[in-house]
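Below is one structure, written out as C-alpha cells, with a few remarks after it.
Convention: sequence-line order gives letters A, B, ...; per-chain numbering from 1.
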Protein chains: 2
Amino acid sequence: MSLKYAVLAALLEGEASGYELSKVFDVSLANFWPATPQQLYRELERLAGDGLIEARTVPQERRPTKRMFSLTAAGREQLAAFAAEPTRRPTAVRDEFLIKMQAMDGVDPRAVRALVEERRAWALGKLARYERVRERLLDGRTEEEYLRDADRVGPYLTLLAGITFERDNARWCERVLTVLGERRAAAGPAGPAALG
Amino acid sequence: MSLKYAVLAALLEGEASGYELSKVFDVSLANFWPATPQQLYRELERLAGDGLIEARTVPQERRPTKRMFSLTAAGREQLAAFAAEPTRRPTAVRDEFLIKMQAMDGVDPRAVRALVEERRAWALGKLARYERVRERLLDGRTEEEYLRDADRVGPYLTLLAGITFERDNARWCERVLTVLGERRAAAGPAGPAALG
DNA sequence: CACACTTATTCAAATAGTTCAGTAGCCAGA
DNA sequence: TCTGGCTACTGAACTATTTGAATAAGTGTG
C-alpha cells in the first residue's frame, strides 16, 4: 500500500520515467522503501489509472520511446493527506546478514570474519554514494544554511537518516571484527575448540 | 526463504512453542526479521516436516496444550551452513514514516511535529525494551567481560545493532524537531506561507 | 564483427507476507 | 455476569514482492 506513496513522493522531485524511477529506488529511496522495476511499472500504471499521476509519451531518437510521469493535483493532495496521517506500520528491517550473525557462534570464525568484512565494504560503498547525493543537494551551502533556507528539507533529512544508518553498519562491523579477534586471542593460538 | 533460518536461529536459545516464538519475533528478533504468528506456525510445520526441528506435545493444566519445538542435528547443520555462506540479499528497510518525511514539505508543520514526536516516543520505548534484554544477558557482567567470556555472542551483538538503530532513530527525530523549530522561527511569527 | 552492457518496458509464475476470522478455556476487573 | 485480555493454535483468502524471461534498439570494447 505504501509503495503508492513512495512513488508519489519520488515524483515530487519532478517528472520521471519508470526506468528513471527504478534508478532512484535503487539509490536514495532504497534507504526506506526498496522496489524492483516490475513493481514500479505496475504501480505507475495503477496511479495513472486513478488519476494521481499523468503520463506523457516521449519518442526518442536512438532510444526506445519512454513514458514520463508527473504528479497531478489529485496526486499531490493524496500524498499530503497520507503524510499528515499517523503512521500505521512501524519500521520493518529485513536483514539476512543479521540472522547469520545471530547464529555466528558455531560457525568457523574465518567464515564469519569474511561475511563481516564484506558487509562493511558494502556499507562503506553505500555511504559514499549517499555522500555524493548529499554534496549535490547542498551545492556548496553548509548543512545549517540548507536546512534553514531550502524550499524542501524532507529529502535531505531522510538522506541523513540513511547516512547514519550505513555509518553505524560499518562501525558495527568493525566492533564485531575486534570482538572476534579478542576472542580468538583468548582461546589460545590453536584457535577455538568449538566449531560444531 | 530466510524466515526458515530466522526460526532455526531463534531455537538456538532453546526449545520454544509457536506462541513463545511469536513473542520473541515481536521484540528482539523483530529487529532484523519480523514475522507474524501465522507465518511462524506455518514455518514451524514445514521445518518439522523437513526434520530440521522436532515437536513435543506438552499438555498443560489451565492452559491449552502447546507444542514445543527444538532443533535437530540436521537443523543445526543447515543453519550453520547458511550462516557461513555469503549474504545474498542486502538489508531491506521498509519505513512508511520516512516516506511521510520525504513528503513533509507541503504538510502542516504541526502535523509533521506530531508524527515525529510519536516516532521518537516509539523508538525510546523500543530502546528501553532492548536495554532490559541487554541487562538480562549481561547478568551483572560488563560488556567487555561478556564479549570475551560468553559462550555465544551472536545474540548480544545483534541486540547492540538494534540498540544503536533505535537510539539513532530517536536522535534523528530530535534533530528534525530542532530544524522545524528553526524554520518556523525564520519564516516569522505568522508561520510558513507554503502549505499547498 | 562479436560480445557485453544499457535503456525502456512488459508478461507470467512463484514465493512471501498480511489480514481476518474462528476455536477454546482461563483470569481479572466493573 | 459481562467484557476484555491472555494463552495457544488453525484456516482461508488476499495482497505484495520476487524471479526469470522476453522484446527491441543502441553503445562501447577489443
Write down the distance between [atom1] ([X]) and [atom2] ([N]), rounded to a whole number of angstrom.
X	N	atom1	atom2	value
B/Arg94	C/dA16	CZ	C1'	11 Å
B/Glu96	C/dT18	CD	P	13 Å
A/Lys66	D/dA24	NZ	C1'	17 Å
A/Ile99	C/dA16	CD1	P	12 Å
B/Glu20	D/dA8	CD	P	7 Å
A/Met1	C/dT19	CE	P	11 Å
B/Leu21	D/dT7	CG	P	14 Å

Checklist entry - Does A/Asn169 have any side-chain contact (heavy atoms from CB on, under 4.5 Å) partners at least two apart in sequence or in another chain, and if so, which? => result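 Partners of A/Asn169 under the side-chain contact (heavy atoms from CB on, under 4.5 Å) test: A/Arg119, A/Ala123, A/Phe165, A/Glu166.
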| query | Listed by chain and number, what are the ring pair (Phe, Tyr, Trp, His ring centres under 6.0 Å) partners of B/Tyr41, not counting sequence neighbours? | reply |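 B/Tyr41: no ring pair (Phe, Tyr, Trp, His ring centres under 6.0 Å) contacts found.
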**Q.** A/Phe82: partners by ring pair (Phe, Tyr, Trp, His ring centres under 6.0 Å), with sequence neighbours left out
**A.**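 A/Tyr5.
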**Request:** Indicate whether the side chain of A/Gln102 and that of B/Thr158 have a donor and an acceptor atom separated by less than 3.5 Å.
**Result:**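 Judged by distance alone, the side chains do pair up.
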A/Glu131 vs A/Arg134, test: salt bridge (Lys or Arg N to Asp or Glu O under 4.0 Å). Steps then yes/no. CA-CA 5 Å; A/Glu131 290 286 6; A/Arg134 183 194 197 173; 3.1 Å; yes
Reported OH-to-CG distance for the pair A/Tyr156 and B/Asp105, which is rounded to 0.5 angstrom =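 So the gap between those two atoms works out to 14.0 Å.
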task: Mark yes when over 12 heavy atoms from residues, nucleotides or ligands other than B/Gln60 sit less than 6.0 Å from its CD; otherwise mark no.
output: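 Buried by this count: over 12 neighbours within 6.0 Å.
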- Item | More than 12 heavy atoms from other groups under 6.0 Å of CZ on A/Arg141 |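 Yes - once you tally the heavy atoms of other residues, nucleotides and ligands closer than 6.0 Å, there are more than 12.
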According to side chain to side chain donor-acceptor pair (under 3.5 Å), who are the partners of A/Thr36, at least two apart in sequence or on a separate chain?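 Checked A/Thr36 against side chain to side chain donor-acceptor pair (under 3.5 Å); matches are A/Gln39.
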message = Check the phosphate of C/dG17 against A/Arg89, side-chain N and O only, distance under 4.0 Å to OP1 or OP2. Yes or no?
response =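 No, A/Arg89 has no side-chain N/O under 4.0 Å of OP1/OP2 on C/dG17.
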Side-chain N,O (B/Lys23) to OP1/OP2 (D/dA8) below 4.0 Å
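For D/dA8, neither OP1 nor OP2 has a side-chain N or O of B/Lys23 closer than 4.0 Å.
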Next item on the list: May I ask you to list the residues of residues 32-48 of chain A, by number, that have any heavy atom positioned under 4.0 Å from an atom of DNA chain C?
Entry: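 Listed by number, they are A/Gln38, A/Tyr41.
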* Looking at DNA chain C, which of residues 3-19 of chain A put a heavy atom within less than 4.0 Å of it? ->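 Heavy-atom contacts with DNA chain C come from A/Ser17, A/Gly18, A/Tyr19.
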